[in-house]
Amino acid sequence: MKAKQLLILFCSILILTSCKSKEVEDTSTKIVMKEARTIEEHYAIYTDGKNIYYEDVKNNSTKVLRKCLETIKEILLLPEIDENTDLPNPEDLIKQDEVTPFTYEMSLESSAKYILALQKNGWSIVAEYANYLYRDMYFKKDERYMRVIVLENKLKIFEEIGGELPNPQLYINENK
């Protein structure tokens, strides 16, 4: 009799401990498909594979736009470059001939080095717009502005542009 009671008690404990509530981790992957960032604003369009979301990063708000029915294309990402890497002057990185006006053949890694070299030479990123095809970056140093567009195998450089930046909300809302 005692063995039967112990067996029932043991089974009850097993059942209760297995039913204990567990925190469920969010294992969904967030893939950014489009992004617009300035000093004042930051927006992103991303997916978890099921839905497409619009996120106002600065105000920490997100809304579902629609079900994800299209092919997912992540924004063009630049490789991480160690900040301690010795970098030549930015002009030395683009000594090669232009492929077309303002355009240079350059790998993503070389483009990332060029951008890091600009930053080490006092240029700061004041705006950035990205999708799966390109990263469009605006830099400022003193009162001068420069635009750099990174493509998968090319780099476009426009020096001495005006200081007017594209509206991040218009960019992110285009074709969303």
Side-chain angles (χ1 to χ4, degrees), residues 23-83 85 90 93-94 99-120 122-141 144-176:
E23 276 190 37
V24 177
E25 287 184 36
D26 181 18
T27 57
S28 62
T29 304
K30 179 178 174 178
I31 299 171
V32 179
M33 301 167 68
K34 192 173 184 183
E35 186 172 36
R37 180 187 324 208
T38 64
I39 294 168
E40 297 86 24
E41 301 173 85
H42 185 184
Y43 305 101
I45 302 288
Y46 72 90
T47 184
D48 60 3
K50 296 176 187 166
N51 294 307
I52 305 286
Y53 300 90
Y54 169 86
E55 180 178 19
D56 180 341
V57 179
K58 293 262 182 168
N59 292 317
N60 199 25
S61 69
T62 304
K63 70 178 183 179
V64 177
L65 294 176
R66 64 183 177 279
K67 291 282 184 201
C68 182
L69 302 174
E70 66 256 33
T71 303
I72 299 169
K73 296 179 181 175
E74 185 173 22
I75 60 172
L76 184 68
L77 299 172
L78 294 174
E80 297 271 335
I81 304 295
D82 183 6
E83 295 214 11
T85 302
L93 285 171
I94 56 169
V99 178
T100 58
F102 313 106
T103 306
Y104 303 87
E105 291 285 340
M106 197 170 292
S107 68
L108 286 176
E109 183 175 348
S110 294
S111 293
K113 287 180 182 178
Y114 177 79
I115 289 163
L116 184 58
L118 284 175
Q119 291 174 309
K120 284 189 172 190
W123 290 89
S124 58
I125 299 172
V126 292
E128 188 170 4
Y129 307 86
N131 65 25
Y132 72 98
L133 295 171
Y134 63 84
R135 293 191 83 78
D136 189 356
M137 307 168 82
Y138 290 77
F139 292 84
K140 182 179 181 186
K141 180 178 181 179
R144 299 180 329 179
Y145 287 86
M146 170 194 266
R147 181 179 183 190
V148 175
I149 301 173
V150 179
L151 302 154
E152 194 161 337
N153 293 306
K154 290 184 177 41
L155 185 71
K156 292 180 164 287
I157 302 168
F158 304 95
E159 297 176 333
E160 302 298 329
I161 63 167
E164 192 171 323
L165 303 173
N167 182 314
Q169 276 190 318
L170 290 177
Y171 173 79
I172 205 73
N173 288 319
E174 181 179 71
N175 301 323
K176 79 174 179 186

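Computed from a prediction, not measured in an experiment: that's the story for all the values here.
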To the nearest 0.5 Å, atom CG of Leu133 lies from atom CD1 of Ile149 at 12.0 Å

query = Do the side-chain N and O atoms of Lys156 and Thr103 include a donor-acceptor pair separated by under 3.5 angstrom?
reply = yes

ask   = Relative to the ring of Tyr54, is the ring of Tyr43 parallel (under 30°), tilted (30 to 60°) or perpendicular (over 60°)?
value = parallel

Distance col, row Lys140:NZ vs Ile125:CD1, nearest 0.5 angstrom, shows 14.5 Å

Closest non-hydrogen contact found for Leu78 with Val150 is CD2-CG1, 3.6 Å

Contacts of Tyr53 meeting ring pair (Phe, Tyr, Trp, His ring centres under 6.0 Å) (sequence neighbours excluded), chain-then-number -> Tyr46

In terms of heavy-atom contacts, Asn51 and Asp48 come closest through N-OD1, 2.9 Å

Distance to the ring centre below 6.0 angstrom and angle to the axis at most 45 degrees; does that hold for Lys34 and Tyr171?
yes

Under a 3.5 Å distance rule, please check whether Lys120 uses its side chain to pair with a backbone N or O of Glu83 as donor and acceptor. yes

Rounding to 0.5 Å, atoms CG (Asn167) and OH (Tyr129) come to a distance of 7.0 Å

Interatomic distance, CE@Met106 vs CG@Leu151, rounded to 0.5 Å, equals 11.5 Å

Of all heavy-atom pairs linking Ile52 and Lys67, the shortest is CG1-O, 4.1 Å

Item checked: Glu152 atom CD, neighbour heavy-atom count above 12 within 6.0 Å -> no

Indicate whether any N or O donor in one side chain lies under 3.5 Å from an N or O acceptor in the other, for His42 and Glu35. yes

>> Quick one, Trp123 and Ile115 - any side-chain contact, counting heavy atoms below 4.5 Å?
In response: no

Residues Cys68 and Gly49: closest non-hydrogen pair is CB-O, 3.9 Å

* Asked: Can Val126 and Tyr145 be said to form a side-chain contact (heavy atoms from CB on, under 4.5 Å), step by step?
  -> CA-CA 9 Å; Val126 292; Tyr145 287 86; 4.3 Å; yes

dist Asn131:CG -> Glu174:CD (nearest 0.5 Å) comes out at 9.5 Å

Review point. More than 12 heavy atoms of other residues, nucleotides or ligands under 6.0 Å from CG of Asp82: is that the case?
Key: yes

Closest non-hydrogen contact found for Ile157 with Leu155 is CD1-CD2, 3.8 Å

Exercise. Does the side chain of Lys154 come within less than 4.5 Å of Thr100's, by heavy atoms?
Worked result: no

Paired with Tyr132, the side chain to side chain contact (heavy atoms under 4.5 Å, CB included) test is passed by just one of Glu74, Met33, Lys73, namely Lys73

Indicate yes or no: at least one non-hydrogen side-chain atom of Tyr138 is less than 4.5 angstrom from one of Ile161. yes

Tightest non-hydrogen contact, residues Pro79 and Leu108, listed as CD-O, 3.7 Å

- Ion pair check, Arg135 and Glu128, cut-off under 4.0 Å: yes

Taken to the nearest 0.5 Å, the spacing of Met137 CE from Gln119 CD works out to 6.5 Å

